[in-house]
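Everything on this sheet refers to the single structure shown next.
Keep in mind it's a predicted model, so treat the numbers as computed, not measured. Counting convention: from 1, in listed order, for ligands and their atoms alike.
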Amino acid sequence: MPDKNVPVLTIDGPSGSGKGTISRRVADALGWHLLDSGAIYRAVGFAAGMEGVDLSDAEAVTRCAISARIGFRDPKDGRETRVIVNGLDATDEIRTETCGAAASAIAAIPGVRAALFDKQRAFRKAPGLVADGRDMGTVIFPDAHYKVFLTASAEERAKRRHKQLKEKGLGVTLAALLREIQARDARDADRVVAPLRPAADAVLIESTGMSIQQVVAAVLKLAQRG
Ligand code: DC
C-alpha cells in the first residue's frame with residue numbers, strides 16, 4: 001500500500017503545456033520521485049502495437065494494459081529516463097506523434113484506466129512524488145498535498161512543439177501541429193472517464209509568455225510554502 005503520508009505534488013494539463021520538463025525539474029529540485037503517467041499510456045499504446053492489437057477493441061487493449069510490463073530506468077550517465085516495455089527499450093518510439101495519438105485513444109477506455117490505477121499509485125514513495133498527467137489531482141492522487149493545473153494557449157503549445165521538432169531536424173508545419181493539438185485537447189477533455197479538467201483545489205498556472213524557469217519557480221514556491 002502506498003504511504004498516505006508521503007507528499008505528492010500533481011501537475012496536470014493539456015499536451016504541450018510543458019508539464020514533462022517542469023515536472024522533471026521540480027522533482028530534481030525537491031529530490032522527489034517522478035511519475036510520468038503519459039509515458040505509461042504511451043507504453044500501453046506501444047505494447048498494443050507490438051502485439052498487433054486493434055486499438056478500437058477495448059477488451060483486447062485492456063488485456064494488454066493489464067499484462068504489459070512497464071519499467072522506468074534512469075541511466076547513470078544523466079541521459080533521459082529509459083522506458084522499457086515488455087523487455088524492449090521503447091523510449092524513442094513512445095515519443096512519436098503516432099504513439100501519442102494511440103495513447104490518447106486508448107486512454108478513453110475505462111478498463112485501461114482501471115488497469116493502470118494501482119501501477120500509478122505505487123509510485124508514491126518517500127521522500128515525495130511529483131506526478132505529471134491529466135488526472136493526477138482528480139483521480140489518482142485526490143489527496144495530494146499540492147496540485148497544479150498547467151496550461152498555455154494552443155497556439156503557444158504548437159509553437160513550442162514546432163521548435164522542439166525543428167531542433168531534431170523534423171519538418172512538420174505549425175498549422176498541422178496546431179490542428180493535432182486541438183484534436184488531442186478535445187479528445188482528452190471530452191472523454192467520459194477522467195476527462196482533462198483542473199481539480200477543484202488546483203492552483204492554475206497559465207504559462208503563455210512565461211519561461212520554463214519562471215514556471216518551475218512558481219511551482220516550487222507552492223511546494224515550499226508547505
Ligand atoms: O502527457 P502525454 O502527452 O505523454 O500523454 C499521452 C496521452 O495519454 C494523452 O493524450 C492522454 C493520455 N493520458 C491520460 O489520459 N491520463 C494521464 N494521466 C496521462 C496521459
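Looking only at atom types and distance, the side chain of Arg161 has a donor-acceptor partner in the side chain of Gln164 under 3.5 Å away. Side-chain contact annotation: Ser104 with Arg187, donor-acceptor N/O pair under 3.5 Å present. Arg134 and Tyr41 are not linked by any side-chain donor-acceptor pair at a separation below 3.5 angstrom, with hydrogens and angles left out of the test.
Panel note: side chain Asp12, backbone Gly137; a donor-acceptor pair is recorded below 3.5 Å. Put simply, the side chain of Glu156 never gets that close to the backbone of Ala152: no donor and acceptor are under 3.5 Å apart.
In summary, the atoms of ligand 1 found under 4.0 Å from a heavy atom of Ala103, numbered by their order in the structure, are 6 (C), 7 (C), 8 (O). For ligand 1, the atoms lying closer than 4.0 Å to a non-hydrogen atom of Lys19 are 1 (O). If you number the atoms of ligand 1 from 1 as listed, the ones under 4.0 Å from a heavy atom of Met136 come out as 18 (N).
Closest non-hydrogen pair, Ala107 versus Arg191, comes out as CB-NH1, 3.7 Å.
Close N/O approach between Asp135 and ligand 1 is found [any backbone or side-chain N/O within under 3.5 Å]. Ligand 1 has a nitrogen or oxygen under 3.5 angstrom from a nitrogen or oxygen of Asp188. Ligand 1 has an N or O atom lying under 3.5 Å from an N or O atom of Arg42, backbone or side chain. Taking any N or O of Ser37, backbone or side chain, at least one lies under 3.5 Å from an N or O belonging to ligand 1. Every N/O-N/O distance between Asp36 and ligand 1 stays at or above 3.5 Å.
Closest protein heavy atom to atom 8 (O) of ligand 1: Tyr41 CB, 3.6 Å. In this structure, atom 16 (N) of ligand 1 lies nearest to the protein heavy atom Arg113 NH2, 3.0 Å. Of the protein's non-hydrogen atoms, Ala107 CB, 3.7 Å is the one closest to atom 12 (C) of ligand 1. Protein heavy atom nearest atom 20 (C) of ligand 1, with residue, atom name and distance: Gly38 CA, 3.6 Å.
Of all the listed residues (Glu97, Arg95, Arg134), Arg134 holds the heavy atom that lies closest to atom 9 (C) of ligand 1.
Distance OG/Ser17 to CG/Leu196: 8.5 Å, rounded to 0.5 Å.
The residue Arg187 has no part lying near ligand 1, judged by heavy-atom distances below 4.0 Å.
Residues Val139 and Phe117 meet the side-chain proximity criterion, which asks for heavy atoms closer than 4.5 Å.
Look at Glu167 and Lys163 and you find a salt bridge, because one of the NZ, NE, NH1 or NH2 atoms lies within 4.0 Å of a carboxylate O, short of that distance.
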